[in-house]
Amino acid sequence: MSKVSGTPFGVTKKGEEVRELTLDNGTISCKIITFGATVRTLTVPGRDGAVDVVLGYDTLAEYEENGGYFGAVVGRYANRIAGGRFVLNGKEYTLARNDGPNHLHGGNVGYSHRVWTVEEAGADRAVLTLDSPDGEEGYPGHLQARVTYALEGSALSIHYEAVSDRDTPCNLTNHSYFNLSGQGSGDVLAHKVQLFCSAYTPAGETSIPLGTVDPVEGTPMDLRVPTPIGAHIGEPFQQLVWGHGYDHNFVVDGQPGALRPAARVCSQATGVGMEVETNSPGMQFYTANFVENGRKGKGGAVYSSRHGFCLETQHFPDTPNQPGFPSATLKAGERYDQTTRFRFFLLEG
Ligand code: GLA
């Protein structure tokens, strides 16, 4: 069904061909590879010219071998499920424990490590699909996922859809690491971040939510006014110590299901600002804490911890085991529908 689009981007270890699609609307442009439906570059206007604002790699082998999920779509369940198990409709399901004692980002071969099919490739829009069989990585139901990347003015919009023939947990997100000063330009500690989030879900030592939804007020998690990422990251606040920095699920203010502002981040160095809107209930703010020093990136870049930040719009982590959280069960025959928009703008002055 899919015609050949884009340009070759290598062959996986299993022998599958990977392509790269280029989207460009004259204002912003990006490159998407079919491995993981990954955003490999995202170039936006800066004060002194175009800036590539996402971390990435030059080769497919690095995407296959390196951890960190750079730019990828993650699923079937983004983030963690405690103990790699959950009960749904009275039946227990067992998943891979690929992050200490827990399941992370869909398991050993999550959607980030599968080759997606190109359904449509236009100048400013690409649609990629993935067929996820019943029982894949332990999840129930044959799930068909569809991700649409669209350039809309100065925004990259990502629309996630999925249908399953059995009830299943479903939580799809994009794991881009942003650096608005330009990928490879060093740490993001001077970026000012603002999260439109009055509460967060505190987590234990292995990043599993404790089950409460706590106000950010009076803690270093309070980022409701523009704050340098580095201002409080090193404070001896238990959550930041356990997370090795920010790696927490924030509750996006307003009504889940409605597209509403979730975050705004700015770099004074390039004048690039980014606004995130989503209809998801939550968002993981992660400061690349586990990117080791000296990791080789695109075009000779060298990355390290804190050289990017992720804003992973999502259902709350471990929802399948947390009855108090908004449900992340995709019912058989219903449609999963998630939209996140990353809009770029130039700071005044
Ligand atoms: C998510 C998690 C982090 C880490 C990264 C990938 O953001 O919350 O703890 O696992 O993915 O390295």
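As the structure lists them, so they are numbered: ligands from 1, and atoms in each ligand from 1.
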Exercise answer: donor-acceptor pairs, residues 42-50 side-chain atoms, under 3.5 Å, sequence neighbours excluded:
{"residue": "Arg47", "atom": "NH1", "partner": "Gln268", "partner atom": "O", "Å": "3.2"}
{"residue": "Arg47", "atom": "NH1", "partner": "Ala269", "partner atom": "O", "Å": "3.3"}
{"residue": "Arg47", "atom": "NH2", "partner": "Gln268", "partner atom": "O", "Å": "2.9"}

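Ring geometry, Phe316 versus Phe325: the interplanar angle exceeds 60°, so the pair is classed perpendicular (tilted spans 30 to 60°).
Side-chain atoms of Asp167 and Asn89 form a donor-acceptor pair, as typed in the model, at a separation below 3.5 Å. Side-chain atoms of Thr340 and Gln338 include a donor-acceptor pair closer than 3.5 Å.
Residues near Trp242 contribute nothing to a hydrophobic cluster around it, because no ILVMFWY side-chain heavy atom sits closer than 4.5 Å to its side chain.
Around ligand 1 you find Gly68, Tyr69, Asn79, Arg80, Leu104, His105, His175, Tyr177, Asp247, Gln284, Tyr286, Phe290, Glu312, each with a heavy-atom distance below 4.0 Å.
With sequence neighbours excluded, no residue forms a salt bridge (charged side-chain N to carboxylate O under 4.0 Å, His left out) with Asp318.
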